[in-house]
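Data block below; observations after.
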Amino acid sequence: SYRLVPSSLGSGGPVDVRMQAFRRDWFAGRDVCDIGCNAGLVTASVARVFGVRSMLGLDIDAALVAKAKALLASQAHVPHPAATTAPTSSPP
């Protein structure tokens, strides 16, 4: 079961240990779709760790989609590693 896969609880939220099997060049700067995303731990980890341009997770199980949405909401404050600071005011 995916819920039994250990994860790191370091800064930035949990990161699935399966990230070690992936390569940055597969994802960095790309639009990514995770079909069968389950509760979204791998989906969120790939997005955060590898700096995707966009990430879409899809699953047929509504309960798992709800868990993925809750995970996303809990990590909404986590800055993207490649993010830049947005300007606080508009140019004149």
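These values consider heavy atoms only, across backbone and side chains, with no hydrogens, waters or symmetry-generated copies.
You'll find the side chain of F27 stays beyond 4.5 Å of the side chain of M55, heavy atoms only. Contact of the V52 side chain with the R30 side chain is not registered, since no non-hydrogen atoms from C-beta on lie closer than 4.5 Å.
For L71 against S74, the heavy-atom pair with the smallest separation is O-OG, 2.7 Å. Across all non-hydrogen atoms, the minimal contact from F50 to R23 is CE2-C, 4.2 Å. Looking at every heavy atom in both residues, L64 comes nearest to D59 through CD1-OD1, 4.1 Å.
Note that the CG atom of L56 and the SG atom of C37 stand 8.0 Å from one another [nearest 0.5 Å]. In this structure, I35 CD1 and I60 CD1 are separated by 12.0 Å, a value rounded to the nearest 0.5 Å.
Between the side chain of R53 and the backbone N or O of V32, no donor-acceptor pair lies under 3.5 Å.
Residues W26 and V46 are members of one and the same hydrophobic cluster, defined by side-chain heavy-atom contacts under 4.5 angstrom among Ile, Leu, Val, Met, Phe, Trp and Tyr.
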